[in-house]
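Along the sequence shown, residues carry numbers from 1.
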Amino acid sequence: MTIYNKLVRDYIPEIIEEQGQYCQIRIMEEKSYKLELIQKLKEEWKEYLKANNDQAAVEELADMMEVVIALAKTHQVSEQTLLQMREQKLKTRGGFDNKIFLEEVSE
């Protein structure tokens, strides 16, 4: 028996059972769910940092995006609204394409 005690994607229990194994799960309350999403984001970030090639890095980024979308929903914001907010910030403040590194500001 392996103990995980962590948030997993929705189909993981089905995948485990399809492999002939049994798993014990519980549905979390909203408060603990949000805390576990934060932990999951940290976990995915650490995995991203350890990625040793572009494919692995991009897969971890996709995982982080899924967690970010789930976190937005805990704040009663849809994925569409989150993306709209991103677009608005992109229009008003820009993105990171120009690789600008701000060193200092003087008066």
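- Atom CG of Asn53 is surrounded by more than 12 heavy atoms from other residues, nucleotides or ligands within 6.0 Å.
- Side chains of Leu7 and Met28 form a contact here, defined as non-hydrogen atoms less than 4.5 Å apart.
- Connection of Val68 to Val8 is not established within any shared hydrophobic cluster, with ILVMFWY side chains joined at heavy-atom distances below 4.5 Å, either directly or through further cluster members.
- Counting non-hydrogen atoms of neighbouring residues, nucleotides and ligands closer than 6.0 angstrom, the CD atom of Glu87 exceeds 12 such neighbours.
- Here the CD-CE distance, from Glu47 to Met64, works out to 9.5 Å after rounding to the nearest 0.5 Å.
- Using a 4.5 Å heavy-atom threshold, the side chains of Cys23 and Gln21 count as separate.
- When hydrophobic clusters are built by joining Ile, Leu, Val, Met, Phe, Trp and Tyr residues whose side-chain heavy atoms come closer than 4.5 Å, directly or via intermediates, Ile16 is not grouped with Tyr4.
- Annotation: salt bridge (charged side-chain N to carboxylate O under 4.0 Å, His left out) contacts involving residues 59-82, sequence neighbours excluded, comprise Arg9-Asp63.
- Cluster annotation: Leu35 and Leu71 are assigned to distinct hydrophobic clusters (Ile/Leu/Val/Met/Phe/Trp/Tyr, side-chain heavy-atom contacts under 4.5 Å, transitive).
- Linking ILVMFWY side-chain heavy atoms closer than 4.5 Å, directly or via other members, places Met65 and Leu41 in two distinct hydrophobic clusters.
- The heavy-atom pair separating Tyr48 from Ala57 by the smallest distance is CD1-O, 3.5 Å.
- Here the closest non-hydrogen pair linking Glu104 and Ser106 is OE2-OG, 3.7 Å.
- Residue Ala72 comes nearest to Leu82 through the heavy atom pair CB-CD2, 3.9 Å, listed as atom of the first residue, atom of the second, then distance.
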- Task: Could you give me the CA-CA distance, side-chain angles and deciding distance for Glu43 and Lys40, then say whether salt bridge (Lys or Arg N to Asp or Glu O under 4.0 Å) is met?
- Result: CA-CA 5 Å; Glu43 174 188 329; Lys40 180 60 81 172; 3.5 Å; yes

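- Hydrophobic clustering, with ILVMFWY side chains joined whenever heavy atoms are under 4.5 angstrom apart, keeps Leu61 apart from Leu83.
- Taking NZ of Lys6 as the start and CD1 of Ile12 as the end, the distance is 9.0 Å to the nearest 0.5 Å.
- Going from atom CD of Gln39 over to atom OG of Ser32 covers 12.0 Å, rounded to the nearest 0.5 Å.
- The CG atom of Asp97 sits 7.5 Å away from atom CG of Leu90, with the distance rounded to the nearest 0.5 Å.
- With hydrogens and angles ignored, the 3.5 Å screen pairs no side-chain donor or acceptor of Asn98 with any backbone N or O of Ile100.
- Of the inter-residue distances, the one linking Glu36 atom CD with Asn5 atom CG reads 8.5 Å to the nearest 0.5 angstrom.
- Side-chain contact between Val67 and Ile38: absent, with no pair of heavy atoms (C-beta onward) separated by less than 4.5 Å.
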